[in-house]
Structure formats: C-alpha cells, structure tokens
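Residue numbers count from 1 along this sequence. Excluded from the calculations below are hydrogen atoms, water molecules and symmetry mates; all remaining heavy atoms, backbone and side chain alike, are included.
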Amino acid sequence: MHALLEQYRHTLLGRLRTKLFSQITGTTDRLPTQKELWRFLMPEWKRNALAASLYFHLVHLGGSRRVAFPTSLSPAVLSACLQDIVAREPVWSLFAEDDSGDEAIGCLAIGHTRPSGEPGYYAAIFTEREFPKGGFLSIAPATKIIESHIAQLGSAGWIEFNIPEAACEPGPCIALTAIQQYLPGVVHVPLQQIENLRSADKPPTDPELMRRLELVMRGKLQLSKGTVSRDLVRLFDEDFGNRLDRRTVARLLDRVDDGLLVYWNGKYFVCSDDYYGYLGYQLLERDRVNVVVMGDFPRGSVKVKRRGHEELLPPVLIRRDLVRPGETQELHEWRAREQQSQERRLATPTDLIARWVGFADLLSDGNSSERELHQYLLSCPIMLGANWDKVESEVWFGPSYKADLVLRANRALPTVRLVELERANHRLFTKDLHETDEITHAVQQVSDWIRYCRQNPGDPVIAASQGVTPDGVVIIGRSETLNSKERDILAHNNQGRDVKVITYDELLDDFGTLILHRLDDGTEV
C-alpha cells in the first residue's frame, strides 16, 4: 500500500475510504483528484442521490469516533436517545466505529432539518468486507417521542419500527448510539456503552459503586441530591486521579456542578465515578461540592435538596474525541505540492457543486413538480448554460402565449431561446416507440411561439434580437428511462425540427461538464 494511503489504515473509516479511492482511480498508488472524484460521484448521484451523498460524506469526513455499539437497548434508553437527538440541531455528517468484535462496524450518518423543523438522519452501517453494501436507516425523532419514525431498508422496501421493536434491532440501536455520541453537551449514554469503553483515562473499577448502582437501577436503593463539604469526599484511587491531565480538567470545569456520584463508606464519601469533576472542584477551590449519594449517610453530613431514584443520577461525562489518520512526511509533501498546484487552478466551485447536488436530489425525488424545477433553475440560471446573459421567467407575448423561460445572449448577433418546462417524471416514448402526447403537445406549443415571433418581429419580447428568430427547447423527463433505441429516435427527431427536446439529465450533465472544467487539474474532460 502506497504511503499516502497508508495514513488511513488504522481506522475503519480510513480503510473504507481507501477502498472507495481505489474504485475511483483504479489504483492504490495515489489519492483521486477533485475532477476524478466528481466524475465518479455525478452519475452515482443521478442513480441514487442518497447513496452518492453517503459516498461524498465518507470521502470528506475529517475523522471518526470510537463507540461501543449495542445490539439492543431497553425502550426507555432508546427513547432517551431520541430525546437527546430531537433537542439539538442536526449533526450534518458523522462516522462512528466499533472494532471490539471480530469485524469492525462503522456507522455513517448525514443529518438534515425536516419540514417540521425537527432533525432527521439517514444512516448507513458498513463492514469492511461487505462495503459498499450496507444497511440503511431513516431516523426522524419527534418532540413527542411516541410519534418518532424509525425505518430500515429491507429487500421489500422500508420497514418501519415502533420504539419497542427498534430497541430489539441492531441497526436502529447502532445508528442512534452513533448519532447521540456526536451531540454537543450532556447526553444520556446507555450503561452498556460505559461498561465497554476502552480509554486511557478510564477509571479503575470500584465493585461497591457497581453494586450500589445496580440496586439504584432496580429501584431498591434511594438517592439523595445535595451538597457536602469537599473535605468529606475522597477519590477511590488517588494515584489514578494524580495521573490525569490537568489541562483536560480545566476544559471540563463547566461540568463540575452536575454533581459527583458518591457513597458513604463509614469514614468519608467515596467518588469513583467522576474523577474530572472532583479534580475540577479542587482546581476551583470550592468548599462545598454538589453530590448525589447512593444509600445512607450520617445525619447532618449532607445538606439534602431532593430525594429520589434513577432520575437523580448525574449525566455521564465522556470525552468524545475524533480519531484522525496518522500524519506522514509524504502526506505533508503531497499537501505542499497540491497547494502549489492549486495556485495555478481556478477556485473550487463549491457553490456550483452544491447547486448541482441540490438539483440532482430534486430530480431523484421523483415527485418534484414543474413549479419546483422552474424555481430551482431560476435561482441558478447558469444551470441553463454559461453562455446566457439574462433569464426571464413566465414571459407573456402575443394574444395568449406564455413561455416558462426566455434566455437571452447579448452578442454581436443577439440570441433568444424560448423554453417550455415539463415534469421530470413524464415518459418520452410509448411502448410502440412513438413520442408521448406530452412531448407532442409541448413541441407544438413552442413551435406556435416561434411562428408568432417570425410573423411579429416588432413584438417587445423579440424586438431586441433585431429580427433574429428565436429557437425553442422543451425540457422533459429523465434520460434514465430511455433505452438505446429511444435515444437514437430522439436524436433523429431533434435533427428534423426547430424545437429540440432534451431531458433534465442532459441539463444536469452539461452543468456537470462546466464544473469539471472549473476543477481543472490538467486532465481531459
């Protein structure tokens, strides 16, 4: 494996990314250029927008998080995960992985905001052996948790689960756990994740803490929330506490008031659950500390504010750091060469790429209305061609004619194009290979416009073209619905008429070619 790619190998994310790079370039000797990447992604996006989105985020993610994935959760814990997720803004893309088993499992999720204003996620669960195949899920948490939607893609389509059903399925449990671990702030981490965590700063096991915690979770031991003198609290393992990085303690000072989980051992209160919190109180030199006490304690030692059960447990603090691929000298040299090359290229057209992706997503929906397509094209006129200087919408001329779009190019010889937009889900041919009524009607309509323009050169709509007759275009349907014979017939028909018929995919392809030109890396388009 070439050293440039070897940097990725120590995470599952890196290994999946390497396999994808190899698929794009046909070799493991180098990373793909931007042009190669987009040449690969553009047709993928038209075939399956969600799958292409997952590829895109897989390539561009900065790193992954190590998470212990559960195969099942209790309905209560799964509901708590949904509560955490719906209460926060979406995390736009994330990757979490668990390599504790025989084969590493990774979860890639991309977030979005639903029309209700609540977050939603699409997730893919991958293993290295089966990649790029994976399990796909849709998660739409609702503020009213019972109304949340969790679905998994099966061989017969999407299968929707209620909360008890989802809690027994590995896919939803893995996806929800991965998403939850990326949320900012306090989250309700399932206990099985805490037990399986492997970390350099994982505290030593305290059997008495675990015994009491189990009794609390079973409702057999009461909790008391209040404050105690800091002198009455001791760490379970002082040596371990002394080895912890004080810079990390300082970064977590805003969490100290969540409270320390402690128990009375006959001499003092033992803290074996939150070393950082205890050290934070030391750093702040607080005389009294917030605690949650499991079980009995001497009268007067605690200023009790509230008594209860599991609901009083302080939130679990887990530092969720990204695992990034290692740095190599060759990587630094490659970056330096790329920086020098970039100075000789045009700027990366990220705005155009975003527009291309948005339009591809709109087409892949399958139910987009003519009005939605019209508005999107109007919002980004360059999609209709870089040679047009002006785009006008819904232009009336003559007694009763209205063009969806009028395109103008102010050159030495002015040019005008009249555009009729039809739905993207219309078929172009019947079973006996005749053009459909939708095409026949649209072509005739635009032909009437052109005839009117020839007969009325003084009409304000075309007067500026100095007598040059406009041409006409009908945009309708998708290329993916055409077989080779239908493509040949369409090309032949277009040669013999003034009004050309093109698909939305042709429009998208031309726009993609423009972007590839802008992503100039010295290779042929």
Taking [X] first and then [Y], would you say they form a salt bridge - that is, a charged N and a carboxylate O separated by under 4.0 Å?
X    : Y    : answer
D498 : R454 : yes
R451 : D448 : yes
E128 : K19  : no
E97  : R66  : yes
D389 : R408 : no

[X] vs [Y] side-chain heavy atoms within contact, under 4.5 Å:
X    : Y    : answer
V395 : Y401 : no
S393 : H374 : yes
L20  : P132 : no
I150 : L78  : yes
Q444 : V499 : no
R355 : S379 : yes
L12  : S64  : no
I174 : D98  : no

[X] (side chain) donor-acceptor with [Y] (main chain) under 3.5 angstrom:
X    : Y    : value
S447 : V443 : yes
E438 : H426 : no
T481 : R427 : no
Q375 : E372 : no
E130 : T127 : no
Y121 : P141 : no
R114 : P119 : yes
R478 : L363 : yes

Testing V391, V473, L378 for side chain to side chain contact (heavy atoms under 4.5 Å, CB included) with L384, which one passes? V391

At their closest point, which heavy atom of [X] faces which heavy atom of [Y], and how far apart are they?
X    : Y    : answer
S53  : D361 : OG-OD1, 4.5 Å
P75  : A167 : N-CB, 3.9 Å
H57  : W92  : CE1-O, 4.2 Å
V86  : A142 : CG2-C, 3.7 Å
L418 : W449 : CD1-CB, 3.6 Å
P172 : A166 : CB-O, 3.8 Å

Working to the nearest 0.5 Å, report the span between [atom1] of [X] and [atom2] of [Y].
X    : Y    : atom1 : atom2 : value
L482 : D505 : CG    : CG    : 8.5 Å
L508 : T503 : CG    : OG1   : 9.0 Å
I24  : W38  : CD1   : CH2   : 11.5 Å
N494 : I502 : CG    : CD1   : 9.0 Å
W388 : N410 : CH2   : CG    : 10.5 Å
I439 : E420 : CD1   : CD    : 12.0 Å

Should we say atom [atom1] of [X] is surrounded by more than 12 heavy atoms from elsewhere, each under 6.0 Å from it?
X    : atom1 : result
Q455 : CD    : yes
H112 : NE2   : yes
L433 : CG    : yes

Taking atom types as modelled, find out whether E36 and T25 have a side-chain donor-acceptor pair closer than 3.5 angstrom. no

Give me the ring orientation class for Y504 and F359: parallel if the planes are under 30° apart, tilted from 30 to 60°, perpendicular past 60°. tilted

Decide side-chain contact (heavy atoms from CB on, under 4.5 Å) for V357 and F56; before the verdict, give the C-alpha distance in whole Å, the side-chain angles of both, and the deciding distance to 0.1 Å. CA-CA 10 Å; V357 169; F56 175 83; over 6 Å; no

Walk me through whether I85 and Y182 qualify under side-chain contact (heavy atoms from CB on, under 4.5 Å). CA-CA 10 Å; I85 294 169; Y182 273 80; over 6 Å; no

Is it possible for you to check whether R487 lies under 6.0 Å from the centre of the six-membered ring of F429, through NZ or CZ, and within 45° of that ring's axis? no

Is there a side-chain contact (heavy atoms from CB on, under 4.5 Å) between F40 and Q23? Walk through the geometry before answering. CA-CA 9 Å; F40 171 79; Q23 185 178 350; 3.8 Å; yes

Verdict with reasoning, I475 to D404, per side-chain contact (heavy atoms from CB on, under 4.5 Å): CA-CA 11 Å; I475 306 176; D404 287 329; over 6 Å; no

